[in-house]
Amino acid sequence: MKKVLLFVLVVALMFPLFAKGGVEAAGSSEGFKPAKDITWYCTSKPGGGSDIYTRAFSDAAVANGWLSKAPLINYKTDGAGEVGRNEVANTKQNADYTLLTFNSGDLMPMVANTPNRIRNFTPIAVMATDKQLLFINPEKAKYKTFADAVAAARTGTQIVIAGSKGDDIELYGMLIKELGLRENQMAYITNDSTADAIASGLGGHVDLVMSKPAAASEYVKAGMLIPILALSDSRFTGNLASAPTLHEIDARYNDVELPVWRGIVGPADMSQEAAKFYSDLAKKVSESKEWNEGYLMKNSLKSSFMDYQEAKAYMEKYEADYLKKIGK
Amino acid sequence: MSNFAMLFSGFSVVFSFQNVAVCLLGAVLGLIVGAMPGIGSLAGVALLLPLTYKFNPTTAIILLGSLYYSNMYGGSFSAILLNIPGDSPAVMTMLDGYPMAKQKGRPGQALFTSNFASFIGGTIGMIILTFLGPGLANVGLHFGPQDMTALLLVAMTSIGWLVGKNPTQGVILTMLGILLACIGMDPQTGAPRYNFGNMYLMGGIPFVPFVIGTVGFSQVLRLMSERKNTVSEEKIVNQKLTIRGSMLTGHDIRRLLPPAIRSGVLGTFVGVLPGAGATTGAFLGYAMNKAFKSEEPFGTGAIEGIASCEAANNAAAAGAFAPLLALGIPGSGTGAVLLGGLMMWGLNPGPLLFTNNPDFAWGLIASLFLANLLTLMISIGVIPFLIIILTVPIKVIIPVVLVICMVGSYANTYSMYGVVIMFVSGLVSYICEKSGYSTSPMLLSFVLAPLLENNMRKAFITSQGSVGIFFTSPISCVFMVILFVIMLSPVIRGVIKVGKKRLRPNK
């Protein structure tokens, strides 16, 4: 009798395991649908740019009933985010239920400083892109146009640009390369955030400030900053439209731009069905009112949705171009 | 309308039932978050932020602003009672707060000093913020990297007072602190340094787990090795566990007021500087007041010591709202999260906030006054309950402190990496202390070195490597003169002393 009871108990305890496997099996044959909690990795601290982006996505998905429950956000900031990215890349057990907020600003230090590559992830979507401009403080700037600043740099006066980390540094490198200037002719000061860079511009400690439209827009409205160069292949609109592109300033130069994208990836072991499900979800979110009005408009971002196949090709090319540029 | 009238209009916004209730809630939560080592205002505000998205923006900022502000009070509780700072500005409070509570047996008075000094510092900061806010924010902008470097060099001289009896040992640990602060990403190039291929070390050594380990876990090891059974061998609480028993005497208040007022003014100006924050404010407040006369030496449980850093950090927290509200520039990590909140609530932080949303900006400033008063009342009310901690037997205290150290380290980094850093730094610190090395210089240099390095490198990029930049800007020139005076004064005093001795035999 004891043995029978023991057998029944073991079977009863094992039943949920079979049940779980059954749901996953059903998911893989009939298209994926989340049957348990989704863990979403965020490699910045709560309240940071990546966190706001992740929460805006999650809120829009839940508000429209496309997800029954908000994903659990796991903040993994160790090793400047590399630990979190590595953990997602190597997730095997729960691959269909693991997502990572992944931006161009994450990709560049990752491939420069670690062996982790985009092939270790399953790209799901690119949701938005952003570009930068150069600004001057009209009250304190010695050079009122970008052409004046370049001319001064060529005649031996050092020009200092203040900007943020990651893609801003890369864009600065592309700019001086296109202009044929050296780092000591047009120097760059890295700040912890764009707000710090703007503060140094307002204080008159640097000649030029590099910023994305959202961070600078209120200062432009108040007349404290003026845009003098659009780091893009076309002019911006609204109160930033006065800034010419590099090619417009001097036809000898090509336009310089480094679109900053915000995307989502999963582990390499994520199934195609799951990747398709999350990609379709991202498309619905990208078209929702909550996302467009509550996130893109507030942050002056451009919607540029790419599904999981387009995102894969885009991220791989971005990585290859960057690796080539840094000689890796 | 004058600023005074605008402040009153702000009070009319704050004194609705809903806003007073959230201000009270923020004050209570801030005290709890501040008192729990490792969590701090940044995590507290960030965790509460998503819950406020549906709130009216003014109500939301009142909740978060009062939480941020009252956190500065709470940080000193565990620093005074357990020798573990609740947040980074409380590191300096620990230097005098813990000796006053333990060695002098006056924990109630130590807490009262901290609370009262916080109130004075905060009030000074808020008055300056009200009348000079936007103008002060513009003054802060004039501080360039060369000026911040010179200011931080002056702050670094305070390490000289903490090196203990053996200056060589003090210098060794100062250098160790600087070296440890260099681990992680290079602040200018973004390249990893001294990580030895370890992915975790790429992000550097997190400050809070490092401090918790250095002072908290090393203390656990010391208590375990000393095998004491009760606290009676140190000095048991020799006062009644009541508010009256914890009150300061008239003489104590006379000792507290001058450093608190000086630090209140200094702290406000430090808070206004972009990137300086409450921690730098506390360090500078302590360093400045050490130059003044005090009844007892700093670092031995002096009331002046607690008052100088507590008033400075609360004033800096109030001052940090000036660039945030007037220019949209956050002075600290918490300020950056509040800025994110402003955008989520549909406001546009920046130079037009005071003009476009006066109700919001002045409502927040008025709520800080209210939060300051509410927090003072609550924190004085809980003193008798807090000092009961000191009567708990050591065999109970050890596991409790150990759990606090582990939870605090984990909560700060959201990973076991923080816990590992806490254990390692605690062990190293314990060995250092057993060998007669004081670890305070290491902590101070670890905090100040990254700020100093970043600003110094920015200054050298601007000047193309010329040291002359520190003498061409009037602000940095003044700080450099102060630095040389501080550095040379012992030498000059020594020369004068020798000169006098030589003159005596001739008489």
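Chain identifiers are assigned alphabetically (A, B, ...) following the order of the sequence lines, protein sequences preceding nucleic acid strands; residue numbering begins at 1 within each chain.
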Tell me, for [X] versus chain B, whether the close heavy atoms (under 4.5 Å) come from the side chain, the backbone, both or neither.
| X | answer |
| --- | --- |
| Y295(A) | neither |
| I189(A) | both |
| S200(A) | neither |

[X] atom [atom1], over 12 foreign heavy atoms within 6.0 Å:
| X | atom1 | value |
| --- | --- | --- |
| F269(B) | CZ | no |
| K140(A) | NZ | yes |
| K325(A) | NZ | yes |

Partners meeting side chain to side chain contact (heavy atoms under 4.5 Å, CB included) with L152(B) (sequence neighbours left out):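 Partners of L152(B) by the side chain to side chain contact (heavy atoms under 4.5 Å, CB included) criterion, ordered by chain and then number, come out as T280(B), L448(B), L451(B), L452(B), N455(B).
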Proximal component of N198(B), with respect to chain A [non-hydrogen, under 4.5 Å]: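 N198(B) has no heavy atom closer than 4.5 Å to chain A.
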Contacting region of M185(B) [heavy-atom separation from chain A under 4.5 Å]: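 For M185(B), side-chain heavy atoms alone lie under 4.5 Å from chain A.
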Whether [X] side chain and [Y] backbone form a donor-acceptor pair below 3.5 Å:
| X | Y | result |
| --- | --- | --- |
| T114(A) | V111(A) | no |
| N74(A) | W40(A) | no |
| D59(A) | A56(A) | no |
| S288(A) | W291(A) | yes |

Candidate pair R457(B) and D186(B), rule salt bridge (charged side-chain N to carboxylate O under 4.0 Å, His left out), full reasoning: CA-CA 11 Å; R457(B) 287 181 65 183; D186(B) 182 301; 3.0 Å; yes
Would you mind telling me which of [options] has the largest number of heavy-atom pairs within less than 4.5 Å of chain B?
| options | answer |
| --- | --- |
| K76(A), H205(A), K221(A) | H205(A) |
| N86(A), V160(A), V206(A) | N86(A) |
| E82(A), M108(A), E183(A), M224(A) | E82(A) |

Check against side chain to side chain donor-acceptor pair (under 3.5 Å), T91(A) and T98(A): CA-CA 8 Å; T91(A) 298; T98(A) 303; 4.7 Å; no
Leading residue by heavy atom contact count with chain A [cutoff under 4.5 Å; candidates L201(B), L327(B), N195(B)]: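 Among the listed options, the one with the most contacts to chain A is L327(B).
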Residues 461-479 of chain B: residues contacting chain A (heavy atom under 4.5 Å, by number):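 Answer by number: I461(B), T462(B), Q464(B).
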